[in-house]
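This report refers to the structure that appears directly beneath it.
All chains are named by letter (A, B, ...) in the order of the sequence lines, taking the proteins before the strands, and each is independently numbered beginning at 1.
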Number of protein chains: 2
Amino acid sequence: MTVTDGRLVRGQLSRQAVMRSAVDLASVGGLDGLSIGGLASEVSMSKSGIAGLFGSKEDLQLAAIAAAAEIFQERVIAPALTTPAGLERLRALIDAWIDYSESRVFSGGCFFAAAAAEYRARPGAVRDAIAAQMRRWNEFIAGAVTRAMATGELPADTDPPQLAFEISALLDAANDASLLHDSAAPYARARTAINALLARH
Amino acid sequence: MTVTDGRLVRGQLSRQAVMRSAVDLASVGGLDGLSIGGLASEVSMSKSGIAGLFGSKEDLQLAAIAAAAEIFQERVIAPALTTPAGLERLRALIDAWIDYSESRVFSGGCFFAAAAAEYRARPGAVRDAIAAQMRRWNEFIAGAVTRAMATGELPADTDPPQLAFEISALLDAANDASLLHDSAAPYARARTAINALLARH
DNA sequence: CCTACCGATCGGTAGG
DNA sequence: CCTACCGATCGGTAGG
């Protein structure tokens, strides 16, 4: 397969555009509510055109999780990595996440929060993939906390996984409440709580 | 309609049992995944028997929300109300909620956490009913905080809605992570965080 | 990538 | 509360 194969290039471009729509649809209607037919009409393709791109519905769901992870990387992780390690990077990470949620990168808010709530009690490959992403995210926050301890900006008795749990809890709650009540106020509450948390440490 | 009408009595008993199954199914598979046919086979009734009890799927969903609210009242609110108002009642409320989530009163964990995540981006009567229940719950926590301020157990500059937001964020995060990772550890993290929060105030 | 089709299930209703 | 049915949509496949 060469890069100059027109069909391949078109196929890849189309697949990327299809995935962007798939993730957005799933953030609102759920990964289970994401139907092959519904996605097909959203992107003006035939149902079997979509089916052919993925193979099965579960493959489509797993592809959506991978695509969402890429966008999360671009929007949240990458911007934070441009700042110096330590408390500044931890704060940049929190700001980037709030911006990612509040600016509605996905119509239904954070894709992973929605997907985790939907599949947390349904064993299988989809739940495993979501759990792996969530674990990565929490470990990334904990790593940023550890770096801020190394610079002396957070005290040596800080418990990184515990603080990461608390930070992600407050971020998720802001995402949840903002969507449920059509309000930006929960983001301010999360910022207030996280600032107090970091000031206390 | 008299209480001695056999058909009525049986109808009410059956409706209650049906609702209990409906809420449990919805806690795992979502309020949208709750199908009339699926519920029918779960309780060994005909599909139109279930349909006749409710009228429409949306009515079934709204009835499930109301039934879940009743069980939540029994399991979380009522036990807390047997303790004296103040910090003790606030702590009883938190303990009761953790027990309600951890003991899997519903197979999929807290029904409202699941329903809120599913419908928060889908306007309509179902979302409105869930939002109203969530608002009530947060106001109840805030009220308990206010009482603990009145007894002097929490300082006068405490912000009740802010503290209620933080407490419910930590509880929801424990429910989420416990289900997603099949672990009881997140409940201990939530307890640790909430204890620190209350000790700081 | 398409049309055309499969069996299964969806929400809902007629009629009893 | 039941059987029997309606049109629509589901995931998936055959064949091109």
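Across every strand in view, C:dG15 sits in a pair with D:dC2 that passes the Watson-Crick or G-U test at under 3.5 angstrom.
Between B:E42 atom CD and B:S21 atom OG the span is 5.0 Å, to the nearest 0.5 Å. Between the CG atom in B:L90 and the CZ atom in B:F140 there is a gap of 10.0 Å [rounded to 0.5 Å].
Checking D:dG12, C:dT13, C:dC1 against the side-chain heavy atoms of A:S56 singles out D:dG12 as nearest. The B:S46 side chain lies nearest to D:dT3 when the options are D:dT3, D:dC10, C:dG12.
Contact annotation: the side chain of B:L62 approaches that of B:E58 to within less than 4.5 Å [non-hydrogen atoms, C-beta and beyond].
In this structure, CD1 of B:I36 is placed 16 Å from P of C:dT9, rounded to the nearest angstrom. When rounded to the nearest whole Å, the span between CG of A:D32 and P of C:dT9 equals 15 Å. Rounded to whole Å, atom C1' of D:dC6 lies 10 Å from atom NZ of B:K47. Rounded to whole Å, atom C1' of D:dG11 lies 13 Å from atom CG of A:L39. Distance B:I50 CD1 to C:dT9 C1': 16 Å, rounded to the nearest Å. Per the geometry, CG belonging to A:L53 stands 15 Å off P belonging to D:dG11, to the nearest Å. Per the geometry, CZ belonging to B:F54 stands 17 Å off C1' belonging to C:dC10, to the nearest Å. If you take CG of B:L62 and C1' of C:dG11, they are 16 Å apart, rounded to a whole angstrom.
Below the 3.5 angstrom threshold, one finds no donor paired with an acceptor across the side chain of B:K57 and the base of C:dG12. One N or O donor and one acceptor, one from the side chain of B:S48 and one from the base of D:dT3, sit under 3.5 Å apart.
Contact record, A:V105 with A:D24: O-OD1, 4.0 Å, taken as the closest heavy-atom pair.
Residue contacts for A:S35: at a heavy-atom cut-off of 4.0 Å it reaches the sugar-phosphate backbone alone, with no base atom in range.
Both A:G52 and B:G52 lie close to DNA chain D; mapped to their nearest nucleotides by heavy-atom distance, the more 5′-ward contact belongs to B:G52.
Distance alone, capped at 3.5 Å, is enough to place a donor-acceptor pair between the B:E118 side chain and the B:L31 backbone.
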